[in-house]
Amino acid sequence: MIRIVKTTPYKDQKMGTAGLRKKTQTAMQENYIENFLQSIFNTIPNLEEKSFLVGGDGRFYNKTAIQKIIKIAIGNNVKKLYIAKDGLVSTPAGSAIILKNKLSGGFVLSASHNPGGINGDFGIKYATSSGGQCQPDESLAIQEQALNITEYKIADCDDFDLSTITSYTQENTSIEIIDPYIDYIKLMESIFDFDKLKSLFKSNFRFVFDAMNGVTGPYGKKIFEEILGAPKGTVVNSIPLEDFGGLHPDPNLIYAKDLVNLMYSETAPDFAAANDGDGDRNMILGKKFFVSPSDCLAILTDNYKLIPAYKNGIYGVAKSAATSMAVKRVADTLNINYYEVPTGWKYFINLMDSNRISFCGEESFGTGASHIREKDGIWATLFWLSIIAEKRTSVKEIALSHWKKYGRNYYLRNDYENIPQDIADKLMADLEASLPSLINKEFKGYIVSDAHPFVYNDPVDKTSTKNGLIIHFKDGSRIVYRLSGTGTSGATLRTYIECYETTNLLEDPEVMLKDLSEVSRLISYITSRTGKTKPDIIT
Ligand code: G1P
Ligand code: ZN
């Protein structure tokens with residue numbers, strides 16, 4: 001039986017950089033998930049012809065939310081649901097499943113790299129038939145529905161068992177419980193030379209993959225250990241846990257601490273990678289060496305010919321404006337397309353769909369390619385393994401030879417967290433207004449050459465998006481300012497700082513960018529407005 005339930009809107013159901021992201025207890029409020037799902041379905045015509053994927057990264061409240069989503073979908077006469085077995089699917093595998101099965105979209109329940117548990121965060125990433133997250137105009141249409149919702153439709157039925165591969169029919173909806181690994185693994189096999197990788201693992205090469213108690217544990221075990229022959233135990237923190245075992249499942253130098261400590265110790269293996277909760281982000285480490293995500297994109301692009309799927313050429317590459325300029329140097333040299341887009345993977349989708357780019361990346365530990373429409377942590381790891389298998393040299397050597405060829409863009413992201421929203425908004429508005437007056441001014445020896453808001457004109461659907469403010473200096477250094485769109489408490493101001501060096505290649509970025517970080521605070525009055533004399537987080 002289908003019930004129509006009266007409801008009232010939640011005013012905070014707005015989508016940010018990566019879908020809906022909330023404190024878990026916010027999402028647990030009565031009708032919260034129901035309202036949001038109904039709002040999405042209200043924007044999709046002919047649901048009786050549409051099929052969707054449902055799964056998540058295994059965090060707390062996923063199981064409850066998945067059952068709700070199934071019942072709302074039945075209530076809305078959806079044709080078919082593909083439910084990941086045990087409710088587990090990584091964001092990249094979800095994208096692969098949507099594309100391979102030509103689904104109308106999918107729901108990946110994840111707050112990505114944010115902590116989980118009842119006191120952590122919860123999220124819903126809504127993907128369309130593109131295989132990637134919905135576009136800004138679609139988010140607005142959903143938001144409009146959510147702010148005006150009065151009722152939702154839900155099936156009155158028992159919960160579904162998600163632990164076995166089987167299928168059910170309820171009302172007009174068929175429900176298939178699917179293996180969430182197989183399509184993704186086949187896709188990886190079609191891109192990389194698995195035999196070559198197997199031979200790497202037959203040598204005495206040592207690798208650690210940290211799944212951070214998120215969803216890539218089972219993917220990593222299957223791919224690295226079972227298929228490629230890496231020793232058992234190569235994948236650590238491999239069982240998806242509802243609270244990520246208390247970890248903050250964000251693969252960076254701060255939160256992947258154990259892995260970083262291992263890689264900087266005397267017993268470090270040759271290579272390590274970590275993925276975030278839902279498997280789209282990655283961090284790459286060598287022995288006593290960290291590869292910044294901006295450099296990672298540049299190095300992968302420079303080495304595209306080593307990978308079977310790309311050896312005949314790639315269309316081009318794109319990065320978010322906040323990411324360093326390193327990859328542009330590679331694109332210019334290779335003479336391939338180059339684009340700079342706002343922050344958020346969704347902006348790469350049109351470029352990939354129109355064959356303008358093949359690779360893309362963000363400074364926030366995201367790298368990926370057009371095999372799917374999300375960033376892909378395991379893909380990045382397999383790419384690095386392939387480079388190592390070919391060059392048989394260390395990660396540090398690979399990065400150093402890249403910098404010798406192209407120069408090095410030293411880069412830092414400084415985050416100022418938990419700023420009252422009105423103060424953060426005013427800081428950005430005042431800074432924007434002051435940009436023209438900064439030109440030709442000098443700050444600690446850095447002279448401003450240009451300063452403007454970052455405006456992106458999408459070449460495909462011709463929309464313009466404003467995202468952040470950019471200040472260029474005469475020596476090629478840059479500072480980018482923007483407010484985070486994924487936070488769940490207060491505002492986070494991010495400043496992205498870089499300079500370019502051709503000779504001094506092995507310095508500490510914090511040393512190289514000390515003055516410019518200071519300049520970033522001076523120009524925008526961060527300290528007097530927020531009371532913060534230094535960033536809360538430096539990555
Ligand atoms: C952050 C990152 C951005 C990424 C997003 C989702 O968004 O900066 O690159 O796409 O998470 O993983 P932000 O909080 O900056 O809006
Ligand atoms: Zn993620």
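Remember, it's 1-based here, ligands and their atoms both numbered in the order they're listed. We use all heavy atoms of the structure for the numbers below, so side chains are in, but hydrogens, waters and symmetry mates are not.
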K.L.:
Within ligand 1, which atoms have a heavy atom of Gly485 less than 4.0 Å away?
P.N.:
13 (P), 14 (O), 16 (O)

K.L.:
Please identify which atoms of ligand 1 are closer than 4.0 Å to at least one heavy atom of Thr343.
P.N.:
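Counting atoms of ligand 1 from 1, those under 4.0 Å from Thr343 are 3 (C), 8 (O), 9 (O).
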
K.L.:
Identify which one of Glu362, Glu363, Glu498 satisfies the salt bridge (charged side-chain N to carboxylate O under 4.0 Å, His left out) criterion when paired with Arg413.
P.N.:
Glu363

K.L.:
For ligand 1, which atoms, with element, lie under 4.0 Å from some heavy atom of Arg494?
P.N.:
8 (O), 13 (P), 14 (O), 15 (O)

K.L.:
For ligand 1, is Arg413 a contact, meaning one of its heavy atoms is under 4.0 Å away?
P.N.:
yes

K.L.:
Is it true that Tyr416 and Arg529 share a donor-acceptor pair across their side chains at a distance under 3.5 Å?
P.N.:
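No, because no side-chain N or O of Arg529 sits under 3.5 Å from a partner of the opposite role on Tyr416.
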
K.L.:
Looking at Asp276, which of its N, O or S atoms is the nearest one to the Zn ion (ligand 2)?
P.N.:
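For Asp276, the N, O or S atom at the smallest distance from the Zn ion (ligand 2) is OD2.
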
K.L.:
Between Asp422 and Lys426, does at least one N-O distance fall below 4.0 Å, as a salt bridge requires?
P.N.:
no

K.L.:
Test your reading of the model: is there a side-chain donor-acceptor pair from Ser324 to the backbone of Asn409, 3.5 Å cut-off?
P.N.:
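Looks like no, no N/O pair under 3.5 Å.
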
K.L.:
Which of the listed options, Asp276, Asp250, Thr486, holds the heavy atom that is closest to atom 14 (O) of ligand 1?
P.N.:
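When every heavy atom of Asp276, Asp250, Thr486 is considered, Thr486 comes closest to atom 14 (O) of ligand 1.
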
K.L.:
With the threshold set at 4.0 Å, does a side-chain nitrogen-carboxylate oxygen contact exist between Lys462 and Asp458?
P.N.:
no

K.L.:
Does any N or O atom in Arg21 lie less than 3.5 angstrom from one in ligand 1, N or O only?
P.N.:
no

K.L.:
If the plane angle is over 60° it's perpendicular, under 30° parallel, otherwise tilted; pick one for Tyr10 and Tyr32.
P.N.:
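Rings of Tyr10 and Tyr32: tilted, as their planes differ by 30° to 60°.
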
K.L.:
For Phe359, which of Phe348, Tyr315, Trp379, Tyr304 qualifies under ring-ring contact (aromatic ring centres under 6.0 Å, His included)?
P.N.:
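Single ring-ring contact (aromatic ring centres under 6.0 Å, His included) partner of Phe359 among Phe348, Tyr315, Trp379, Tyr304: Trp379.
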
K.L.:
Mind telling me whether Phe192 and Phe383 have parallel, tilted or perpendicular rings, with 30° and 60° as the class edges?
P.N.:
perpendicular

K.L.:
Looking at Asp376, Asp280, Asp278, which hits side chain to side chain donor-acceptor pair (under 3.5 Å) with Thr91?
P.N.:
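Only match with Thr91 under side chain to side chain donor-acceptor pair (under 3.5 Å): Asp278.
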
K.L.:
Can you tell which of Ile97, Ile378, Asp179 makes a side-chain contact (heavy atoms from CB on, under 4.5 Å) with Tyr184?
P.N.:
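Answer after filtering Ile97, Ile378, Asp179: Ile378.
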
K.L.:
Only N/O/S atoms count here: what is the atom of Asp280 closest to the Zn ion (ligand 2) called?
P.N.:
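For Asp280, the N/O/S atom sitting closest to the Zn ion (ligand 2) is OD1.
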
K.L.:
What protein heavy atom is closest to atom 1 (C) of ligand 1, reported as residue, atom name and distance in Å?
P.N.:
Arg281 NH2, 3.6 Å

K.L.:
Which ligand 1 atoms does Glu363 reach within 4.0 Å, using its non-hydrogen atoms?
P.N.:
8 (O)

K.L.:
Answer yes or no: does an N/O atom from Tyr496 fall short of 3.5 Å to an N/O atom of ligand 1?
P.N.:
no

K.L.:
Could you tell me the angle subtended at the Zn ion (ligand 2) by OD1 of Asp278 and OG of Ser112, rounded to 10°?
P.N.:
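The OD1/OG angle about the Zn ion (ligand 2) sits at 110°.
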
K.L.:
Numbering the atoms of ligand 1 from 1, which are under 4.0 Å from a heavy atom of Ser364?
P.N.:
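Answer for ligand 1: 2 (C), 3 (C), 4 (C), 8 (O), 9 (O).
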
K.L.:
So for ligand 1, is Ser112 a polar contact partner (N or O within less than 3.5 Å, distance only)?
P.N.:
no

K.L.:
Taking only non-hydrogen atoms of Gly344, do any sit less than 4.0 angstrom from ligand 1?
P.N.:
yes

K.L.:
With atom 6 (C) of ligand 1 as the reference point, say which of Lys375, Gln133, Glu362 has the nearest heavy atom.
P.N.:
Lys375

